[in-house]
Amino acid sequence: MEFLVHVIGLCAMIAWVSSIQLKKKSHILELQIIASLFYAVHYGMLSAMSAVVVTIISIARLLTIYLIERKGKEVPLYVLVIFILILVIAGAMTYEGPISMLPIIITMIYTYSTWQKDTKVIRGLFLVTGMLWITYNFSVGSYILMIGNSLEVISSIVSIIRYHKKGEDASA
């Protein structure tokens, strides 16, 4: 069973780390939806309930933003506000101590980042959240995802440098 937990975590990690290397925001969101499905199962197997809840909320958020933007529309501010409020409620419902709030805070940052059009902002915030996830994953015993978070941090740095050198604004 422990092997399966790590395999699922590895699948999540590979999909998430790979997503930040994609140029178009829609492709980043698509791969993050797939990664989030794996994360939900992984954290569920570890009984890390605040992470399971925020992952489910994240899937809904990613799908909402993806579908709105796919129609060529801008994501309204109220969508961001609704998801932040849902996260606050989820945080209150899953509170088991200060560390259980970390996934809520991280997901609020992710929520803000996916609302952004500028992929430079998205990449920078992924750098920050990757570092925060390392702390949480250590606390719940998800060592495979700590490796993944380290790769996410490295991947974010590489993509920031890569797109900065090219002078590309890989928005939308």
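For the single chain, residues carry numbers from 1 onward in sequence order. A quick note: this is a predicted structure, and the numbers were derived from the prediction, not measured.
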Output yes when a side-chain donor or acceptor of S100 lies under 3.5 Å from a complementary backbone atom of G97, and no otherwise.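 The answer is yes, because a donor-acceptor pair under 3.5 Å joins these two groups.
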Quick check: does any side chain N or O of H42 sit under 3.5 Å from a backbone N or O of V5, one acting as donor and the other as acceptor? yes
Regarding [X] and [Y], is there a side-chain donor-to-acceptor distance under 3.5 Å anywhere?
X	Y	result
Y110	T129	yes
S156	R123	no
S155	Q21	yes

Between [atom1] of [X] and [atom2] of [Y], what distance do you get to the nearest 0.5 Å?
X	Y	atom1	atom2	value
L29	S36	CG	OG	10.0 Å
I82	L77	CD1	CG	10.0 Å
I65	S26	CD1	OG	13.0 Å
I105	S50	CD1	OG	10.5 Å
H6	M45	NE2	CE	9.5 Å
L62	T55	CG	OG1	10.0 Å

[X] side chain near [Y] side chain, heavy-atom distance below 4.5 Å:
X	Y	result
L145	Y43	yes
L80	V75	no
N149	L132	no
V79	P76	yes
T64	R61	no
I122	D118	no
Y143	I147	no
E30	Y66	yes

Same cluster or not: are [X] and [Y] linked, directly or through other Ile, Leu, Val, Met, Phe, Trp or Tyr residues, by side-chain heavy atoms under 4.5 angstrom apart?
X	Y	result
I144	F138	no
V54	M93	no
Y95	L87	yes
V128	M101	yes
L31	L127	no

W16-F38 aromatic ring centre distance below 6.0 Å: no
Do you know the tightest heavy-atom contact between [X] and [Y]?
X	Y	answer
I28	S19	CG1-O, 3.2 Å
S113	L125	CB-CD1, 3.5 Å
F126	E152	O-OE2, 3.5 Å
V53	A90	CG1-CB, 3.6 Å
V52	G44	CG2-N, 3.2 Å
T107	S58	CG2-OG, 3.3 Å

Could you walk me through whether V88 and M108 pass side chain to side chain contact (heavy atoms under 4.5 Å, CB included), step by step? CA-CA 9 Å; V88 169; M108 286 179 181; 3.4 Å; yes
On the 0 to 90° scale, with breaks at 30° and 60°, tag the Y136-W133 ring pair as parallel, tilted or perpendicular.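 If you compare the ring of Y136 with that of W133, the planes turn out perpendicular.
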